[in-house]
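One structure is given below, encoded as structure tokens.
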Amino acid sequence: MISAVMISCEARKYIRQQTLANLLSTDWQWGLESILDTEYISKENYELTSKTERQTIAAYHALKKALEKPDPWIVFMEDDLFFNKLKIK
């Protein structure tokens, strides 16, 4: 029903893990796919690529993956989010 993707980078591993833990503490019931910029940029070119460009590349691939799924809705996230923990019964 919902395709969720998150972009991140290795330098923000702790922040990403905290965001994922925060998400798990909510009533979120759909999966989430994390896309790291290092998956699409070679080690040789990584330091030569600006942060903005790496983020754009990761965003492109995250949205591309989300669109490959049959879900009618996409939630696009970065790795530094807080979530409302109100659980509706």
Side-chain angles (χ1 to χ4, degrees):
M1 180 153 203
I2 296 177
S3 180
V5 290
M6 173 189 291
I7 62 170
S8 188
C9 63
E10 195 55 44
R12 295 171 61 94
K13 182 179 180 177
Y14 173 77
I15 295 168
R16 181 177 64 252
Q17 289 174 337
Q18 185 61 54
T19 297
L20 291 171
N22 291 343
L23 182 62
L24 286 174
S25 71
T26 69
D27 59 352
W28 182 259
Q29 54 187 298
W30 301 275
L32 173 69
E33 188 165 356
S34 295
I35 306 296
L36 299 179
D37 59 2
T38 53
E39 296 175 39
Y40 300 99
I41 303 169
S42 68
K43 289 180 183 179
E44 298 81 24
N45 290 326
Y46 192 83
E47 293 300 323
L48 301 173
T49 309
S50 72
K51 290 180 182 179
T52 302
E53 193 173 2
R54 292 193 305 258
Q55 187 177 38
T56 302
I57 291 167
Y60 168 80
H61 287 285
L63 290 171
K64 186 176 175 183
K65 282 193 175 216
L67 289 169
E68 291 171 355
K69 298 179 181 181
D71 303 315
W73 302 101
I74 296 172
V75 175
F76 178 89
M77 303 178 197
E78 287 195 349
D79 55 13
D80 56 352
L81 300 175
F82 294 95
F83 301 96
N84 183 346
K85 296 183 181 181
L86 174 65
K87 293 187 179 186
I88 299 172
K89 295 180 182 181

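Being a predicted model, the structure only gives us computed values, none of them experimental.
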Heavy atoms from other residues, nucleotides or ligands near NZ of Lys69 exceed 12 (cutoff 6.0 Å):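 Yes, NZ of Lys69 has more than 12 neighbouring heavy atoms, counting only those of other groups under 6.0 Å.
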Atom OH of Tyr60 with >12 non-hydrogen neighbours under 6.0 angstrom: no
Nearest 0.5 Å, what's the [atom1]-[atom2] distance between [X] and [Y]?
X: Thr19; Y: Met77; atom1: OG1; atom2: CE; answer: 9.5 Å
X: Phe83; Y: Leu24; atom1: CZ; atom2: CG; answer: 9.5 Å
X: Lys65; Y: Ile35; atom1: NZ; atom2: CD1; answer: 4.5 Å
X: Ile41; Y: Asn45; atom1: CD1; atom2: CG; answer: 8.5 Å
X: Gln55; Y: Glu78; atom1: CD; atom2: CD; answer: 4.5 Å
X: Asn22; Y: Asn84; atom1: CG; atom2: CG; answer: 11.5 Å

Heavy-atom pair of closest approach, residues Ala4 and Gly31: CB-O, 3.4 Å
Hphob cluster co-occupancy, Phe76 + Leu32, side-chain heavy atoms under 4.5 angstrom: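 Phe76 does not cluster with Leu32.
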Heavy-atom side-chain proximity of Ile74 to Leu63 below 4.5 angstrom: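 SC-SC contact between Ile74 and Leu63 confirmed.
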Side-chain donor or acceptor of Trp28 paired with backbone N/O of Trp30 under 3.5 Å: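 Here the side-chain-to-backbone pair exists.
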Output side-chain donor-acceptor pairs under 3.5 Å for residues 6-17, partner residues at least two apart or in another chain, one line each.
from	atom 1	to	atom 2	distance (Å)
Ser8	OG	Arg16	NH1	2.9
Ser8	OG	Asp79	OD2	2.6
Arg12	NE	Asp79	OD1	2.9
Arg12	NE	Asp79	OD2	2.9
Arg12	NH2	Asp79	OD1	2.7
Arg12	NH2	Asp80	OD2	3.1
Arg16	NH1	Cys9	O	3.0

